[in-house]
Amino acid sequence: MTIPRSDATRLLDWYRRNRRDLPWRRSRDSYRIWVSEIMLQQTTVRVVVPYYRRFIRLFPTVRALASARPDRVLAAWSGLGYYRRARHLSAAARIIVGKHAGRFPLRVEDALALPGVGRYTAGAILSIAYGARLPVLDGNVARVLSRLHLVRGADSAARRRRLWRLAGELAATAPSPGDLNQALMELGATVCTPAAPACAVCPLSRRCAARASGLQETIPPSRRPRATVEVRTGVAVVTRGGRYLLRRRSNRDLMHGLWELPAVGRGGRSDGLRLAVGRCVATVRHSITYRRLEVSVHPARLLAEPPRGGYRFVAPADLGRLPTSSLVRKVLAALV
DNA sequence: AACTCGTGGCT
DNA sequence: TAGCCAAGAGT
């Protein structure tokens, strides 16, 4: 007993009338649905759209993606964040070509075995592209269902299990599971919003338990924020012929493989470089989850050639072809 | 189970 | 403006 069938129909009707015209909704190509779902993980639609268009232009098919060097994929991802997604996408494309004949797998177990594909993403792709009766539970659906059924309390494993079960009952009986899943997400994104939900135009408001008790604004409770840590770092800007010296991050996880400006510590020391570091000419603020960076920018002079391999001089115009974080572009923009 | 990973838009 | 949050996955 979740939403009666007539309400599911009303939700679907609402969706067909109100859904946004998004690029990945113009196709049922499982490859395109997959790419969009990976990009949309923890990332807003508005930010994703231009990246998605560019990405599909660069890599129109799973085979094109599979044969592209991971660095090109990472470069196309630059600025989107959560860079591991790009590496997973690359690796998964090769698995799809190698083991699944170039088609995104139909079986849930096979989909879940792909790197970067979890329960949400598998359900989304298989229901939208193939019509599979699988539920999705993202932030939107969790909010909609917990309001609809007055699922109170903070996030917990038990709470998530309950919400997955509710989502599963819906997907099991819906006329069109893919559309129903998207309808729930669209409703959460545009009507049943975290703050000030537009209950007046909600097709489910009559059945909404939170609405009935006036609790729609307090369910679900917002998570306790963790303290952010302030971090101060400095970078050296070494120029040569209008190009900038960058180095490739070797860090195993954090933005690994991305090109960045060399860091300078106290005394002007920098890994692998001998530098004469000048005074700070700019400061750039940048946030990484739970960390706030304050980056001071120092013009610097090379005292010795940098080691080969890890370093490169890059013209600003070529920056787009290298994997870089948005921080690099912010710093370079601050110099203009 | 709690923590990690990026970024930009919004309030 | 400083914090909140977004179509989560992996460990």
Side-chain angles (χ1 to χ4, degrees), chain A residues 19-20 22-25 32-52 74 77-89 91-92 111-129 135-144 154-161 163-164 167 178 180-190 192-196 220-231 249 251-258 260 284-293 323-330:
Chain A
R19 66 184 217 159
R20 292 167 289 179
L22 302 173
W24 45 88
R25 286 186 174 155
R32 297 189 177 207
I33 308 286
W34 169 44
V35 169
S36 76
E37 288 301 338
I38 301 298
M39 283 193 174
L40 285 162
Q41 289 170 2
Q42 298 292 288
T43 310
T44 54
V45 165
R46 176 162 187 171
V47 170
V48 163
V49 168
Y51 279 90
Y52 173 83
L74 203 53
W77 205 268
S78 291
L80 253 191
Y82 288 127
Y83 296 99
R84 194 163 47 162
R85 293 183 296 178
R87 297 193 174 283
H88 283 334
L89 210 49
L112 288 171
L114 296 171
V117 178
R119 190 172 177 187
Y120 161 79
T121 306
I125 299 168
L126 297 186
S127 67
I128 295 169
V136 296
L137 187 71
D138 70 333
N140 290 312
V141 178
R143 187 171 54 254
V144 169
D155 181 48
S156 71
R159 191 175 194 280
R160 276 197 298 277
R161 269 198 302 279
L163 292 172
W164 269 110
L180 184 94
N181 285 337
Q182 292 192 83
L184 285 167
M185 294 193 278
E186 191 79 348
L187 190 69
T190 63
C192 194
T193 48
S222 58
R223 238 171 59 108
R224 291 235 178 89
R226 242 185 304 163
T228 60
V229 181
E230 305 277 345
V231 180
R249 287 187 70 92
N251 201 314
R252 190 68 69 188
D253 41 359
L254 181 65
M255 298 190 280
H256 125 88
L258 270 60
E260 64 176 7
V284 176
R285 285 183 175 71
H286 187 72
S287 62
I288 293 184
T289 315
Y290 304 125
R291 244 161 289 171
R292 205 181 319 285
L293 302 182
T324 53
S325 75
S326 71
L327 179 57
V328 174
R329 289 184 297 257
K330 272 189 197 176

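Throughout, a chain's letter reflects where its sequence line sits, starting with A, and its residues are numbered from 1.
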### Summary
On DNA chain C, more 5' by nearest nucleotide between A:Trp24 and A:Leu112 is A:Trp24
### Message
Rounding to an integer number of angstrom, what distance separates B:dC10 and C:dA7 when you compare their P atoms?
### Response
14 Å
### Message
Please give the distance between the P atoms of C:dT11 and B:dG6 as a whole number of Å.
### Response
14 Å
### Summary
For A:Tyr52, the side chain to side chain contact (heavy atoms under 4.5 Å, CB included) test, sequence neighbours excluded, returns A:Pro23, A:Trp24, A:Arg32, A:Val35, A:Ser36, A:Met39, A:Val48, A:Ile56
Using a 4.0 Å heavy-atom cut-off, does [X] contact any base of the nucleic acid, only the sugar-phosphate backbone, or nothing at all?
X	value
A:Ala157	sugar-phosphate
A:Met39	nothing
A:Arg25	base
A:Leu137	nothing
A:Gly79	sugar-phosphate

Please enumerate all residues that pass salt bridge (Lys or Arg N to Asp or Glu O under 4.0 Å) together with [X], with sequence neighbours excluded.
X	value
A:Arg329	none
A:Arg119	none
A:Arg19	none
A:Arg226	none

Using whole Å, what does the distance between atom [atom2] of nucleotide [N] and atom [atom1] of [X] come to?
X	N	atom1	atom2	result
A:Ile38	C:dG8	CD1	P	11 Å
A:Leu89	C:dG10	CG	P	12 Å
A:Leu254	C:dG10	CG	P	18 Å
A:Trp164	C:dG8	CH2	P	11 Å
A:His256	C:dG10	NE2	C1'	15 Å
A:Tyr52	C:dA7	OH	C1'	13 Å

### Of A:Ile288 and A:Ser156, the one whose closest DNA chain B nucleotide lies more 5'
A:Ser156
### Message
Let me spell it out: for each of A:Tyr290 and A:Arg329, pick the nucleotide of DNA chain B with the closest heavy atom. Which residue's pick is nearer the 5' end?
### Response
A:Tyr290
Just to verify, what does [X] make a side chain to side chain donor-acceptor pair (under 3.5 Å) with, not counting sequence neighbours?
X	value
A:Arg84	none
A:Ser127	A:Asn181
A:Arg25	A:Tyr15, A:Gln182, A:Glu186
A:Arg160	A:Asp155

### Query
Would a 4.5 Å heavy-atom cut-off, applied to side chains only, mark A:Trp164 and A:Pro135 as touching?
yes
### Task
Taking the side chain as every heavy atom from C-beta outward, state whether A:Met185 and A:Leu40 have any pair of such atoms under 4.5 Å apart.
no
For nucleotides 3-6 of chain C, list the nitrogen or oxygen atoms of the protein found under 3.5 Å from its nitrogen or oxygen atoms, one pair per line.
unit_1: C:dG3; atom_1: OP2; unit_2: A:Arg292; atom_2: NH2; d: 3.0
unit_1: C:dA6; atom_1: OP1; unit_2: A:Arg143; atom_2: NH1; d: 3.1

### Query
First and last nucleotide of DNA chain B in contact with chain A, 5' to 3', at under 4.0 Å to a heavy atom: what are they?
B:dA1 to B:dC10
### Message
With the threshold set at under 4.0 Å for non-hydrogen atoms, list the residues of residues 113-122 of chain A touching DNA chain B in residue-number order.
### Response
none
### Query
Can you tell me if A:Thr121 and A:Gln41 form a side-chain donor-acceptor pair at under 3.5 Å?
yes
